[in-house]
Amino acid sequence: MGWNAADKSLAARLPEGVLREVSPAYLEEPRGRYHGHAGLIAAPRDVEEVAAVVRACAVANVAIVPRGGGTGLVGGQVMTDGPAPLVLSMERMTAIRQVYAEESVMLAESGVTLQQARDAAAEAGRLFPLSLASQGTAQIGGVLSTNAGGVNVLRYGNARAQCLGLEAVLPSGEILRDLKRLRKDNTGYDLRDLLIGAEGTLGIITAASLALAANPAESGVALMVVEDPMAALRLLALAQTRMAGGVSAFELLSGQGLQFLAEHFPQIRQPFAEIPEWQVLIEVGLPAGLQAQDALEGLFMAGMEAGLVSDGVIAQSGQQAADFWGLREHIPLGNRAVGAIASHDISLPLSEIPSFIADARDMLAAQGDMRINCFGHLGDGNLHYNLYPAQGRHRDEYDEQRHHLSRLVHEMVVARGGSFSAEHGVGRLKVDDLARWGDPGRLGAMRAIKQALDPQGIMNPGAVLAL
């Protein structure tokens, strides 16, 4: 489409005081794969100003790129070509409007960081269970727009499951006021679910009604060594049987990822003298009257008897539990220190995971010498399957293979009924993948919805759907 550039004539139509200086911070994304551009940066203070900015852009036919904390990993927050867009930052909409502790509900504006939302819930004696490594920077609007996951999806669901209602501005500039606190509201199309996960292509989320949870009375964390991913899955099933509903997180850690940490961050203490090939990080949260320590010890013994577990350590304090989680959360640091050839955010039916890991390893071995770090949220089927250069080689040596390798990995995932984007979204990075493997009927419906709500195509053009 022929959009116009955001310029001084558009600036004159915007609410007073909303513009920010165009700086690199608004045009970057964490992996450095895309370098965005912008004519104007707008940071509205409330939903009425957001609506005014969107209306002005619609009249001027100027593209809008919504921006939250900028932590997305698929390039959805930057526009790399075409007429310079207006970048719409939610940085000033940071109010937690209300916490209804007795209802386990919080009303938060989209610029509130995930950590701020978690802290506000804790002050009210409640838990906002969505947890990401980037939670100090990631904002509620961006988390919902990408339908983010994290480590506790197994128990609490992803961002979509934790949102009761939305306030948003549609591409026309009309305000959607659907900030309800209801668990049941069966009154037609669910526009909330339509906007969640749309990555800013259908509107701008300005505030959300978030579902909170009760804090578990007892919690515990353990690391357990398993022989292989099949043993890990069987241990997960055993844990869920023994502690129905009590397993909060179940993370698979590969020895390769921990070896990267040992090489580049030796100050990070690892609990086992010899790094196991596979281990799992388990967190449980139990009601009053049940001891998490006893539950984890019982799981360890049952796992040993079943031949699933060969070693393990159970956190004896809150600090040790935090250290175990710190080990998991630092894995991306080790990854970055090595430098990935290609990274994949995939999900699979649980029963398909062991064969995929084995078959993909064999397939990639035939493609060349490389290392694999497979880790992630095994409890919900989401793996981060990343490829690294062989010892002594640099990732640049694999540049000609990179896209081919990713396509091979994604083909194996899709053939097993999985997804090439589990929790990071589509953004701009995976637009071609969606066009290649998306169901035609679904893609047709998505395009029809986009055309109906955003006929000018000004909302985050180039993200999710190909132009």
Side-chain angles (χ1 to χ4, degrees), residues 99-106 108 114-115 117-132 135 148-164 181-184 209-224 226 232-252 280-306 308-309 312-326 328-329 350 377-382:
V99 178
Y100 299 89
E102 68 282 1
E103 298 178 15
S104 292
V105 174
M106 174 192 299
L114 184 50
Q115 187 62 58
R118 288 172 60 83
D119 291 345
E123 289 176 10
R126 291 292 183 268
L127 171 68
F128 184 53
L130 189 62
S131 179
L132 309 172
Q135 61 197 33
V151 298
N152 293 325
V153 170
L154 171 64
R155 181 167 185 169
Y156 297 103
N158 53 18
R160 186 187 305 279
Q162 296 171 50
C163 181
L164 302 175
R181 312 196 308 268
L182 305 176
R183 262 72 175 183
K184 291 183 176 181
S209 176
L210 303 172
L212 308 180
N215 286 290
E218 294 285 337
S219 61
V221 177
L223 283 166
M224 297 187 190
V226 293
L233 276 181
R234 289 173 176 164
L235 183 63
L236 170 62
L238 182 62
Q240 290 176 314
T241 298
R242 294 176 64 90
M243 294 174 274
V247 182
S248 299
F250 198 94
E251 298 285 299
L252 180 69
V280 292
L281 173 64
I282 308 168
E283 180 169 308
V284 299
L286 303 176
L290 298 177
Q291 298 297 315
Q293 187 88 2
D294 293 344
L296 287 169
E297 288 176 359
L299 176 63
F300 177 76
M301 294 304 299
M304 288 279 285
E305 291 173 5
L308 304 177
V309 177
V313 57
I314 298 170
Q316 299 300 306
S317 66
Q319 182 58 56
Q320 193 173 24
D323 289 345
F324 289 177
W325 272 111
R328 161 64 180 88
E329 290 165 356
L350 293 186
H377 320 307
L378 184 67
D380 58 49
N382 175 197

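Predicted model, so just to flag it, every value in this text is computed and none were measured. Note that the numbering runs from 1 along the sequence shown for the chain.
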| query | Is the backbone of Ala213 close enough, under 3.5 Å, to the side chain of Arg126 for a donor and an acceptor to pair up by distance? | reply | no

| task | With the side chain counted from C-beta on, respond yes when Val99 and Glu123 share a heavy-atom pair under 4.5 Å apart, and no when they do not. | result | no

| query | Is there a donor in the side chain of Gln293 and an acceptor in the side chain of Gln316, or the other way round, less than 3.5 Å apart? | reply | yes

| message | Hydrogens and angles aside, do Ser209 and Arg181 bring a side-chain donor and acceptor to less than 3.5 Å of each other? | response | no

| Any sub-3.5 Å donor-acceptor pair from Glu305's side-chain atoms to Ala302's backbone N or O? | no

| task | State, yes or no, whether a side-chain contact exists between Glu251 and Trp325 at a heavy-atom distance under 4.5 Å. | result | yes

| request: Could you tell me whether the side chain of Leu235 reaches within less than 4.5 Å of the side chain of Leu299, counting heavy atoms only? | output: yes

| field | From CA spacing to verdict: side-chain contact (heavy atoms from CB on, under 4.5 Å), Tyr156, Leu130 | value | CA-CA 8 Å; Tyr156 297 103; Leu130 189 62; over 6 Å; no

| said: How long is the straight-line distance from OG of Ser104 back to CZ of Arg183, given to the nearest 0.5 Å? | reply: 6.0 Å

| Side-chain heavy atoms of Leu233 within contact of Leu350, under 4.5 Å | yes

| query | Any donor-acceptor pair under 3.5 Å linking the side chain of Arg155 with the backbone of Gly285? | reply | yes

| request: Enter the distance from Leu286:CG to Ser248:OG here, rounded to the nearest 0.5 Å. | output: 8.0 Å

| Taking C-beta and beyond as the side chain, do Leu164 and Val105 meet within less than 4.5 Å on heavy atoms? | yes

| remark: d(Leu210 CG, Cys163 SG) to nearest 0.5 Å is 6.0 Å

| message | Can you confirm whether Ser131 sits close enough to Arg118 that some side-chain heavy atom of one is under 4.5 Å from a side-chain heavy atom of the other? | response | yes

| said: Can you confirm whether Leu212 sits close enough to Leu127 that some side-chain heavy atom of one is under 4.5 Å from a side-chain heavy atom of the other? | reply: no

| query | If you measure from CG on Leu238 to CZ on Arg234, what distance do you get to the nearest 0.5 Å? | reply | 11.5 Å

| request: State whether the side chain of Asn158 and the backbone N or O of Ala148 hold a donor-acceptor pair below 3.5 Å, judged by distance alone. | output: no

| query | Rounded to the nearest 0.5 Å, how far does CE of Met224 lie from CG of Leu308? | reply | 10.5 Å

| request: Quick one: pull up CD1 in Ile282 and CZ in Phe250 and give me the separation to the nearest 0.5 Å. | output: 4.5 Å

| task | Please confirm whether the backbone N or O of Gly157 pairs with a side-chain atom of Gln162, one donor and one acceptor, at under 3.5 Å? | result | yes

| message | In the structure I gave you, are the side-chain heavy atoms of Leu114 and Leu132 within less than 4.5 Å of one another anywhere? | response | yes

